[in-house]
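Proteins come first, then strands; the chains are lettered A, B, ... in the order of their sequence lines, and each starts at number 1.
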2 protein chains.
Amino acid sequence: MAETRIQSLNRAAILEAGLEVFSRRGFRGATLDQIASAAQLSKPNMLYYFPSKEAIHRELLLGLMDAWLDPMRRIDPEGPALDEMLGYVRRKMALTRHYPRESRLFANEVLQGARHIDDTLGGELKELVDRTAAQMTEWIRAGQLAPVDPHHTIISIWALTQHYADFDVQVRAVLGEDDPLARAERHVDQVFRRLLTPPDARSAGA
Amino acid sequence: MAETRIQSLNRAAILEAGLEVFSRRGFRGATLDQIASAAQLSKPNMLYYFPSKEAIHRELLLGLMDAWLDPMRRIDPEGPALDEMLGYVRRKMALTRHYPRESRLFANEVLQGARHIDDTLGGELKELVDRTAAQMTEWIRAGQLAPVDPHHTIISIWALTQHYADFDVQVRAVLGEDDPLARAERHVDQVFRRLLTPPDARSAGA
DNA sequence: TGGCTATTTGACCGATCGGTCAAAACGAGG
DNA sequence: CCTCGTTTTGACCGATCGGTCAAATAGCCA
């Protein structure tokens, strides 16, 4: 009873189309006809693979959350504090560069109340953040990071990195550039380097 | 032919209701019935004051843009560089605290392509940003600000301040606090203080 | 009070929404 | 070729969308 080749192909096409449309229009703004035509399927044919609009949306969000949390999970408590934090920033920025639609899908969802994922937000995500914040507190106590509010620092990393995906229309309009992300990556690294470098390490290095 | 009392009262009620609904649902997700019932008016009665859903939305966005740009306009080239920049950050954060719905309205619009305001984005906004960035470049040359990318620093200020309004569901879920903004204001000040304080001024002050 | 304008409303319209259904077309094994 | 399960489709459904309209009502000034 395994998935046939045509099934997995069509399911993938529908999810790809759903990502495209949901990320640009939001859940209520997207229509099944738009998704179906983007997937080059008829509407009833699409509903043969997914029972409803909600089901497509839910599957996209579910698949998203894991990839979204992964960069934070990969922070190594044994590694050098500043490098670990800047590595996290870099990995999160890579998500923005390579998966801007996923970022906008998430932004749309949270902006409109996050009704479909509020359990994940208050559960798995909060646990992971609390654990990472505790690790940062240790690093600060050990003098490996400058004193900061760990929770709000994590939120700042999200804010800065996701902004380049979610508001890219505005970013491009204001910068007038084709590829703002090269500069953006250097800038974001600089922001958190200056925020997190402990005072007694400031004379050394570039 | 001036506006009567009842006209200005009803128009205000409609705009207030429109802000509430548009900011939580986005343009396409909002319905005229929702806005009308929030304004305690019948739908045809509401359309007696505004010709269409678009007209309500457009008037809200127009009124918004001016207030949104004001904190940046009030940066004083004659003032002390760091204080002026941190003052801008503080004013922008005050908008987030007092007008989160306006922030979400704007976020919804930009997220979905900013089709209703792209002329403002590429015109008035870009000019103001370029002028402010030029001022920052002077300050950097004079050693009053640490070397940064001015454009991306401005974008960072937007990203951090607006994030607390646009993603407040996520912020509250992760922090588990009732009023995250008190801490947030201190944190955001710290981020840009460390980013912008010139190297030779770091030994002085707190 | 009468009369005129400004305001409000219920009923309704065509378009579009998410979703259903029965029937047709397809495809692999015999 | 036939058979049977899988896949695809056109036609259609009730609900809801943004918006209209004629008629009813309220407010105001002579």
Side-chain contact test, heavy atoms from C-beta onward, threshold under 4.5 Å: evaluate it for A/L175 versus B/H152 and give yes or no. yes

Looking at B/D33 and B/K43, does any basic side-chain N land under 4.0 Å from a carboxylate oxygen? yes

5' to 3', nucleotides 15-20 of chain C under a 4.0 Å protein heavy-atom cut-off (B base, S sugar-phosphate only, - none) gives --SBBB

Using a 4.0 Å heavy-atom cut-off, does A/F50 contact any base of the nucleic acid, only the sugar-phosphate backbone, or nothing at all? nothing

Any carboxylate oxygen within less than 4.0 angstrom of a Lys/Arg side-chain nitrogen, looking at B/E59 and B/R11? yes

May I ask you to decide whether B/R74 forms a salt bridge with B/E84, counting only side-chain N to carboxylate O separations under 4.0 Å? no

Answer yes or no: is there an ion pair linking B/D149 with A/R183, defined by an N-O contact shorter than 4.0 Å? yes

Phosphate OP1/OP2 of D/dT9 contacted by A/N45 side-chain N/O (<4.0 Å): yes

Would you say a side-chain N or O of B/Y48 is under 4.0 Å from OP1 or OP2 of C/dT9? no

Counting primed atoms, P, OP1 and OP2 as sugar-phosphate and everything else as base, the B/S/- map of nucleotides 25-30 of chain D against protein heavy atoms under 4.0 Å is ------

Distance check: side-chain N/O of A/S42 vs OP1/OP2 of D/dT9, anything under 4.0 Å? yes

For a quick test of reading the model: is some side-chain N or O of B/N10 closer than 4.0 Å to OP1 or OP2 of C/dT8? yes

Regarding A/E20 and A/R101, does a basic nitrogen lie under 4.0 Å from an acidic carboxylate oxygen? yes

Verify the ring-centre separation between A/H163 and B/H163: is it less than 6.0 angstrom? no

Any ion pair linking A/E109 and A/R115 (charged N to carboxylate O, less than 4.0 Å)? no

